[in-house]
**Q** 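Please see the structure below; I have some questions.
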Amino acid sequence: MILDVKNLTKTFEKNNTLFTAVDNINFQLDKKECLGIVGESGSGKSTIAKMLVKLIEPDNGEIHFLGKDLVTINKSELRKTRKDIQMIFQNPMDSFDPRYHLLSSVQQGLRYVEKCDKRELERRAQEAISFVGLKESYYKKPIHQLSGGECQRAAIARAIIGQPKLLICDEATSALDVSVQAQIISLLKKLKQEKGMSSLFITHDLTLASVMCDRLAVMYCGKIVEY
Ligand code: ADP
């Protein structure tokens with residue numbers, strides 16, 4: 001097992017009242033498994049993802065990742081774990097610095113999490129870019145000149161450059177048109193098959209999730225109501 005989430009809970013304040021966005025959630029994820037988290041908008045899916053990558057702190061619960069509880073882990077241990085959990089989002093363009101071209105944007109995924117020299121950094125970025133199917137002629141292209149699908153490929157390259165053990169995809173194909181969506185789905189499947197990566201696939205689209213995932217958890221009002 002790679003991930004074991006226990007009693008995860010998050011409460012927000014809305015219009016001066018508290019409401020529970022994620023309500024005592026439990027789930028596990030095996031090595032090489034893709035778990036889909038599906039549910040209507042507002043059911044709490046992204047809040048779970050954000051807690052897993054520590055963008056927000058849970059009010060209660062445990063997140064055991066490869067045996068360590070990410071909720072109570074100290075800062076130096078967290079830094080070591082950082083590169084093992086990566087996330088891709090719906091609008092990848094927003095997460096890139098527009099000053100960088102493709103090659104240096106992808107390098108950012110490794111720069112602060114692993115010590116390696118300039119040549120090695122460049123080699124690994126080139127390898128990741130080739131894996132996601134972007135050509136060498138794109139290396140020096142500014143990110144904003146890429147199409148939506150190419151930009152999502154670039155985001156995937158940046159996420160996988162450090163060989164993470166868990167990839168969280170939060171509505172990662174929702175903004176793309178159907179044919180591009182299909183290409184990104186087959187790329188994500190290739191990642192699982194060739195790199196043995198575990199993934200959490202968060203979406204409101206049940207059909208897409210059933211194509212992509214080994215198992216589905218259905219959320220409603222902050223709870224997992226069905227597998
Ligand atoms: P989903 O990903 O399923 O669409 P979210 O996890 O984004 O759902 O949101 C669940 C609920 O929590 C929604 O009602 C949303 O408005 C609310 N919410 C999310 N983040 C915050 C926040 N930072 N402050 C207040 N409410 C939030």
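If you're wondering where the values come from, they're calculated on a predicted model, not measured in any experiment. One-based numbering, in listed order, for ligands and for the atoms of each. Atoms considered below: every heavy atom in the structure, side chains included; atoms not considered: hydrogens, waters and symmetry mates.
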**Q** Is there a continuous path of hydrophobic side-chain contacts, each under 4.5 Å between heavy atoms, that joins Phe201 to Leu52?
**A**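 No, no single cluster joins them.
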**Q** To check your reading of the model: name the closest protein heavy atom to atom 24 (N) of ligand 1, its residue, and the distance in Å.
**A**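 Residue, atom and distance for the closest contact: Phe12 CD2, 3.5 Å.
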**Q** Looking at Arg123 and Glu127, is there a salt bridge between them, counting it only when a charged N and a carboxylate O are closer than 4.0 Å?
**A**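 Yes, charged N to carboxylate O under 4.0 Å.
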**Q** For Ser43, counting its heavy atoms only, list the atoms of ligand 1 lying under 4.0 Å from any of them.
**A**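 Every atom of ligand 1 under 4.0 Å from some heavy atom of Ser43: 1 (P), 3 (O), 8 (O).
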**Q** Among all protein heavy atoms, pick the one closest to atom 8 (O) of ligand 1 and tell me residue, atom and distance.
**A**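 So the nearest neighbour among protein heavy atoms is Gly44 N, 3.2 Å.
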**Q** Among all protein heavy atoms, pick out the one at the shortest distance from atom 17 (C) of ligand 1; state its residue, atom name and that distance to 0.1 Å.
**A**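 In this structure, atom 17 (C) of ligand 1 has Phe19 CZ, 3.5 Å as its nearest protein heavy atom.
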**Q** So which bit of Ser46 gets within less than 4.0 Å of ligand 1, heavy atoms only: side chain, backbone, both or neither?
**A**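 The part of Ser46 near ligand 1 is both the backbone and the side chain.
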**Q** Counting heavy atoms only, which of Leu55, Val22, Ile48, Thr47 is nearest atom 9 (O) of ligand 1?
**A**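 The option holding the nearest heavy atom is Thr47.
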**Q** Is Arg215 positioned over the aromatic face of Phe27, cation under 6.0 angstrom from the ring centre and no more than 45 degrees off axis?
**A**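 The answer is no, since Arg215 fails at least one limit relative to Phe27.
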**Q** Taking the six-membered ring of Phe12 as reference, does the NZ or CZ atom of Lys14 fall below 6.0 Å from its centre and within a 45° cone about the axis?
**A**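 No; the conditions do not both hold, so Lys14 does not lie above the ring face of Phe12.
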**Q** Tell me which protein heavy atom sits closest to atom 4 (O) of ligand 1, plus the residue, atom name and distance to 0.1 Å.
**A**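 Looking at atom 4 (O) of ligand 1, the protein heavy atom closest to it is Gly42 N, 2.7 Å.
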**Q** Less than 3.5 Å between some nitrogen or oxygen of Glu13 and one of ligand 1, yes or no?
**A**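 No, Glu13 has no N/O under 3.5 Å of an N/O on ligand 1.
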**Q** So which of Met219, Glu40, Lys14 gets nearest to atom 15 (C) of ligand 1, if we judge by its closest heavy atom?
**A**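 Shortest heavy-atom distance from atom 15 (C) of ligand 1: Lys14.
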**Q** Donor-acceptor check, side chain of Asn26 to backbone of Asn7, threshold 3.5 angstrom: yes or no?
**A**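 Answer holds: yes.
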**Q** Inspect the contact between Arg119 and Asp117 and indicate whether a charged nitrogen and a carboxylate oxygen are less than 4.0 angstrom apart.
**A**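 Between Arg119 and Asp117 there is no salt bridge, as every charged N stays at least 4.0 Å from the carboxylate O atoms.
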**Q** Could you list which atoms of ligand 1 come closer than 4.0 Å to a heavy atom of Ser41?
**A**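 The atoms of ligand 1 under 4.0 Å from a heavy atom of Ser41 are 4 (O).
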**Q** Look at atom 3 (O) of ligand 1 and say which protein heavy atom is nearest, naming residue and atom and giving the distance to 0.1 Å.
**A**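 Result: Lys45 NZ, 2.8 Å.
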**Q** For ligand 1, is there an atom lying under 4.0 Å from some heavy atom of Gly39?
**A**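 Per 4.0 Å heavy-atom rule, Gly39 does not contact ligand 1.
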**Q** Is any NZ, NE, NH1 or NH2 atom of the basic residue among Lys192 and Asp214 found under 4.0 Å from an Asp or Glu carboxylate oxygen of the other?
**A**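 Yes, Lys192 and Asp214 are salt-bridged.
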**Q** Report yes or no: does Asp205 contribute a side-chain atom to a donor-acceptor pair with the main-chain N or O of Thr207 at less than 3.5 Å?
**A**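 Answer holds: yes.
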